[in-house]
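To keep things clear, I will list the structure first and then write my remarks on it.
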Amino acid sequence: MTGKIKRERGGSVGITLTPGEAEVIRRAFGDLLELFDSHAAARPVEEIAPGVPDPFGSPGSDALPEDPALARLLPDAYRDDPAAAAEYRRFTEHDLMAGKRANIAVLLAGLDEIGPDGKLHVPAAQVPAWLVALNDLRLALGTRLEIEEDYEAVIAALARDDPRLPAYALYEWLTWLQDSLVRTQR
Amino acid sequence: MSYVTFVFQTYFGYSKEHATKLMLDVHHAGRAVVSNGSREEMERDVSAMHGYGLWATLQQDK
């Protein structure tokens with residue numbers, strides 16, 4: 001997969017995607033949002049309005065998520081102090097997840113603006129949300145694939161019909177996309 | 001510029017040189033001290049890093 005990413009006058013970034021690439025991104029983020037949903041449903045937080053936790057309500061989850069990808073996106077804040085990590089999580093995890101959802105929403109809304117030529121323009125103010133959302137998706141996928149430093153060699157050694165190949169290819173492409181986007185920010 | 005450097009520059013306002021040095025420290029040593037301050041300030045920074053997807057933890061100097 002190849003695409004084009006270019007900084008435009010005024011700081012916006014032009015991205016060219018094929019319909020297939022846009023669809024892959026949409027679906028992958030859809031899966032990530034479902035992962036967040038599964039976590040939120042497991043430990044509901046009382047809300048006074050959609051997305052607004054009740055400040056006086058019961059606290060959220062205090063345990064590191066069992067799913068490794070979620071655990072990577074919602075990590076412990078204290079390495080050697082389980083009690084402090086649990087308390088910190090109880091009061092911050094909901095907002096952390098809401099922030100990640102908000103970034104993804106910005107990116108998905110942007111994808112809906114793709115023109116017939118496959119081009120979309122990400123306003124300068126939205127580039128950070130795109131970068132963070134892409135990074136979260138990469139992290140989640142990388143954790144699933146147990147990506148290590150030498151992943152390029154691992155991919156090169158996979159058989160052409162290895163069922164893991166598409167996921168690795170997506171990981172490589174996301175890496176390229178994020179890298180190209182961050183290079184526009186100097 | 002890497003994503004990690006971008007985060008250090010954007011959030012902490014560090015110079016490109018300093019942000020790049022910290023990024024390389026993280027890359028080679030697996031970790032780096034990127035911020036110091038009160039517990040309250042550091043919890044805020046850790047939250048922000050988690051928001052960016054960087055695996056930050058808070059530790060008290062002994």
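Proteins get letters first, then strands, A, B, ... in listed order; numbering begins at 1 in each.
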Okay, Leu96(A) and chain B: the region with an atom under 4.5 Å from a heavy atom over there is side chain
Taking everything shown except Arg26(A) itself, do over 12 heavy atoms lie less than 6.0 Å from its CZ? yes
Quick check on the hydrophobic clustering: are Leu108(A) and Val122(A) connected, directly or via other members, by side-chain heavy-atom contacts under 4.5 Å? yes
Only residue of Val132(A), Thr175(A), Leu134(A) satisfying side-chain contact (heavy atoms from CB on, under 4.5 Å) with Tyr3(B) is Val132(A)
With a 4.5 angstrom heavy-atom cut-off, could you sort out which part of Tyr78(A) is near chain B: side chain, backbone, both or neither? both
Ranked by heavy-atom pairs below 4.5 Å to chain B, first place among Leu131(A), Asp136(A), Leu139(A) goes to Leu131(A)
Can you give me the closest heavy-atom contact between Asp76(A) and Thr57(B), atom names plus distance? O-CG2, 3.7 Å
Hey, which residues of residues 23-30 of chain B are touching chain A, say heavy atoms under 4.5 Å apart? His27(B)
So for Arg138(A), is it side chain, backbone, both, or neither that comes closer than 4.5 Å to the heavy atoms of chain B? neither
Which pairs pass ring-ring contact (aromatic ring centres under 6.0 Å, His included) with one or both residues in residues 106-160 of chain A, sequence neighbours excluded? Tyr151(A)-Tyr171(A)
Residue-level contacts of residues 35-54 of chain B with chain A, using a heavy-atom cutoff under 4.5 Å: Arg39(B), Glu43(B), Val46(B), Ser47(B), His50(B), Gly51(B), Tyr52(B), Gly53(B), Leu54(B)
Name, in order of residue number, those residues of residues 110-118 of chain A that have a heavy atom at a distance of less than 4.5 Å from a heavy atom in chain B; otherwise write 'none'. none
